[in-house]
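Below is one structure, written out as structure tokens; the observations come after it.
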Amino acid sequence: MNKLPYEDYPEVLNAGQIAELLGISRAGAYQLLRRADFPTLHIGKRKLVPKDKLIAWIDRQTGEGVC
């Protein structure tokens, strides 16, 4: 898998990009997108996540800085 550097990902991520960035399956990314505490942005039927909100969510889950 050719994973992009964090900085090269767009500012708003879809499920495939979340999966690639986190190293999980697309199904796993969709499970996250359904969580009440996950910063999901709904646009029509699309579920997206702002990259900065994803990093903040990861920080809250781990209690550590990621990047």
Measure across [X] and [Y] and return the closest heavy-atom pair with its distance rounded to 0.1 Å.
X   : Y   : value
D37 : R60 : O-NH2, 4.4 Å
I18 : F38 : CD1-CE2, 4.5 Å
Y9  : L4  : CE1-O, 3.3 Å
G16 : R26 : CA-NH1, 3.7 Å
A29 : A15 : CB-O, 3.4 Å
A19 : S25 : CB-O, 3.6 Å

Checklist entry - Under a 4.5 Å side-chain heavy-atom rule over Ile, Leu, Val, Met, Phe, Trp and Tyr, are L41 and V49 clustered together? => result no

How long is the span from the [atom1] atom in [X] to the [atom2] atom in [Y], to the nearest 0.5 Å?
X   : Y   : atom1 : atom2 : result
N14 : I43 : CG    : CD1   : 11.5 Å
Q17 : D8  : CD    : CG    : 11.5 Å
I58 : I55 : CD1   : CD1   : 4.5 Å

Checklist entry - Is the closest side-chain heavy-atom distance between R34 and K47 below 4.5 Å? => result yes

Next on the checklist: With a 4.5 Å cut-off on side-chain heavy atoms, are W57 and Q61 touching?
Outcome noted: yes

Next on the checklist: For K51, I'd like to know if atom NZ has over 12 heavy atoms of other residues, nucleotides or ligands within 6.0 Å.
Outcome noted: yes

Checklist entry - Which of these passes side-chain contact (heavy atoms from CB on, under 4.5 Å) with L13: L22, L54, L48? => result L54

